[in-house]
Student: 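Supplied in structure tokens, the structure appears directly below.
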2 protein chains.
Amino acid sequence: MNSQFKKGVLELIVLVSVNKKDMYGYELVLEVSKVVDVNEGTIYPLLKRLTNENYFETYLMESTEGPSRKYYKITVLGQSRLKELKDAWKEFSDSVNNFIKESDKDE
Amino acid sequence: MNSQFKKGVLELIVLVSVNKKDMYGYELVLEVSKVVDVNEGTIYPLLKRLTNENYFETYLMESTEGPSRKYYKITVLGQSRLKELKDAWKEFSDSVNNFIKESDKDE
DNA sequence: CTAACTACCTTGCATTGTCAAGTACTAAAT
DNA sequence: ATTTAGTACTTGACAATGCAAGGTAGTTAG
């Protein structure tokens, strides 16, 4: 897969995921990987950034299957960021798809 | 617009454009800008890279409206790269759109 | 007890795009 | 004749994002 396409979209995918339900980092790696290949070294720094920007809050919970889990919960600010990004993505991908379709036509 | 979305897609848009007809750099800046905001400092280095990778060939032509224009012409290799990128983009954007749609549903 | 899995985090690197500036040619306005 | 605006290309310092590879540590199964 073309790794460049991912740029910026990962933030959207993570926001969409955490918006559905609180999630911890490792879980997100698995969830996000269903859509696009992604690696821990990408997700953890991203989660930190999104938390710093107040899109997420965090809390710890013990697990019976390993070390404690740090859960991420979306904030109100995070939800507005999500909407913003979702709209931007839609506009962007539509416009790219349109451009490709147009040029396929006249051949 | 989210500038990160652009990463990797610009190459696709440029390939699509030059595949339609030979174009010079400045013309491409204008053409590509119809789809995504872009500036000269992005396009020219990209054209150089794509030429180095043998996706494009170039030739010069004089202009009555300014300095000579360097035209870019797609190669056979460039066409296969175009197909590759187009398919990858389709798969990628479909999968992202699907993921967003799925999560919109259960609300 | 040790391997395997869960869970988290960090550092250095590569790639790609941005900004800002500079060069140079042509044509129209002053 | 000189300035201005538009066309056209180039470069270098910079920022953002993702990846690879490594580290720490708790839990469970063999």
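Chain letters run A, B, ... following the sequence lines, proteins first, then strands; residues in each count from 1. When reading the values below, keep in mind they use all heavy atoms of this one structure, side chains included, and skip hydrogens, waters and symmetry mates. If you're wondering where the values come from, they're calculated on a predicted model, not measured in any experiment.
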Student: Report the distance from atom CZ of B:Phe56 to atom CG of B:Asp22, rounding to the nearest 0.5 Å.
Tutor: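 Atom-to-atom, B:Phe56:CZ and B:Asp22:CG are 10.0 Å apart.
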
Student: What nucleic acid atoms does B:Gly25 come within less than 4.0 Å of, heavy atoms only: base, sugar-phosphate, or nothing?
Tutor: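 Sugar-phosphate, backbone atoms only, no base.
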
Student: For A:Leu47 and C:dA7, give me the distance from atom CG to atom C1', rounded to whole Å.
Tutor: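 Value for this atom pair: 13 Å.
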
Student: Go through the side-chain N and O atoms of A:Asn98 and A:Ser95 and say whether any donor and acceptor fall under 3.5 Å apart.
Tutor: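 Judged by distance alone, the side chains do not pair up.
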
Student: Can you tell me which nucleotide in D:dT17, C:dG17, D:dT28 comes closest to the side chain of A:Thr64?
Tutor: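 For A:Thr64, the side-chain atoms sit closest to D:dT28.
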
Student: Side chain of B:Arg69 only, please: which of D:dT7, C:dG17, C:dC9 is the nearest?
Tutor: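 Nearest listed nucleotide: D:dT7.
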
Student: Between D:dT11 and B:Tyr44, is there an OP1 or OP2 to side-chain N/O distance shorter than 4.0 Å?
Tutor: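 Checking D:dT11 against B:Tyr44, no side-chain N or O comes under 4.0 Å of OP1 or OP2.
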
Student: Could a donor-acceptor pair under 3.5 angstrom be found where the side chain of A:Glu65 meets the base of C:dC5?
Tutor: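 Such a pair does not exist between side chain and base.
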
Student: Looking at B:Lys20 and B:Glu31, is there a salt bridge between them, counting it only when a charged N and a carboxylate O are closer than 4.0 Å?
Tutor: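 Salt bridge between B:Glu31 and B:Lys20, a charged N being under 4.0 Å from a carboxylate O: yes.
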
Student: Choose from D:dT17, C:dT16, C:dC9 the nucleotide whose nearest atom is closest to any side-chain atom of B:Lys7.
Tutor: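 Among the listed nucleotides, the one closest to the side chain of B:Lys7 is C:dT16.
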
Student: Specify the separation, in whole Å, of atom CG of A:Leu60 and atom C1' of C:dT6.
Tutor: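 Nearest whole value for this atom pair: 15 Å.
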
Student: Of the listed nucleotides (D:dG18, C:dT16, D:dT17), which one gets closest to any side-chain atom of A:Gln4?
Tutor: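 Nearest to the side chain of A:Gln4 among the choices is C:dT16.
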
Student: Would you say A:Tyr26 places a side-chain N or O within less than 4.0 Å of OP1 or OP2 belonging to C:dT6?
Tutor: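 True: A:Tyr26 side-chain N/O within range (under 4.0 Å) of C:dT6 OP1/OP2.
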
Student: Does D:dC9 have its OP1 or OP2 closer than 4.0 Å to a side-chain nitrogen or oxygen of B:Tyr24?
Tutor: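 False: B:Tyr24 side-chain N/O out of range (4.0 Å or more) of D:dC9 OP1/OP2.
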
Student: Over how many whole Å does the gap from B:Leu10 atom CG to C:dT16 atom C1' extend?
Tutor: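 After rounding, the reported distance stands at 9 Å.
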
Student: Select one nucleotide: of C:dT18, C:dA24, C:dT10, the one nearest the side-chain heavy atoms of B:Pro67.
Tutor: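 When the side chain of B:Pro67 is considered, C:dA24 is the closest of C:dT18, C:dA24, C:dT10.
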
Student: So, is B:Lys6 near the phosphate of C:dT18, with a side-chain N or O under 4.0 Å from OP1 or OP2?
Tutor: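 Looking at the OP1 and OP2 atoms of C:dT18, one of them is under 4.0 Å from a side-chain N or O of B:Lys6.
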
Student: Among C:dT16, C:dA7, D:dC9, which nucleotide sits nearest the side chain of B:Lys70?
Tutor: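 For B:Lys70, the side-chain atoms sit closest to D:dC9.
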
Student: How is A:Glu27 classified with respect to the nucleic acid when contacts are heavy atoms under 4.0 Å: base, sugar-phosphate, or nothing?
Tutor: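 Result for A:Glu27 = nothing.
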
Student: Can you tell me the distance, in whole Å, between the CD1 atom of A:Ile43 and the P atom of D:dA21?
Tutor: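 Taking CD1 of A:Ile43 and P of D:dA21, I get 18 Å after rounding.
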
Student: Rounding to an integer number of Å, can you tell me how far B:Leu12 CG sits from C:dT16 C1'?
Tutor: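 Taking atom C1' of C:dT16 as the reference, CG of B:Leu12 is at 15 Å.
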
Student: Figure out the CD/P separation between B:Glu31 and D:dA8, and round it to whole Å.
Tutor: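 Taking CD of B:Glu31 and P of D:dA8, I get 14 Å after rounding.
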
Student: Would you mind telling me which residue lines up with the more 5' stretch of DNA chain D, B:Ser63 or B:Pro45, judged by nearest nucleotide?
Tutor: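 Here B:Ser63 is the residue nearer the 5' end.
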
Student: Strictly below 4.0 Å: does A:Arg49 bring a side-chain N or O up to OP1 or OP2 of D:dT17?
Tutor: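 For D:dT17, OP1 or OP2 has a side-chain N or O of A:Arg49 closer than 4.0 Å.
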
Student: Starting at atom CG of A:Leu28, determine the distance to atom P of C:dC9, rounded to an integer number of angstrom.
Tutor: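 Nearest whole value for this atom pair: 12 Å.
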
Student: Return the orientation label for the B:Tyr59 and B:Tyr71 ring planes: parallel under 30°, perpendicular over 60°, tilted otherwise.
Tutor: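 Plane angle under 30°, so parallel.
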
Student: Round to the nearest Å and state the distance from B:Lys48 atom NZ to D:dC9 atom C1'.
Tutor: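 The distance from NZ of B:Lys48 to C1' of D:dC9 comes to 10 Å, rounded to the nearest Å.
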
Student: Nearest to the side chain of A:Asn39, which nucleotide is it out of C:dG17, D:dC19, C:dC8?
Tutor: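 Selected nucleotide: D:dC19.
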
Student: Regarding A:Lys21 and A:Glu27, does a basic nitrogen lie under 4.0 Å from an acidic carboxylate oxygen?
Tutor: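 Yes, A:Lys21 and A:Glu27 are salt-bridged.
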
Student: To the closest 0.5 Å, what do you measure between CG (A:Leu15) and OH (A:Tyr72)?
Tutor: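 One gets 13.0 Å once the value is rounded to the nearest 0.5 Å.
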
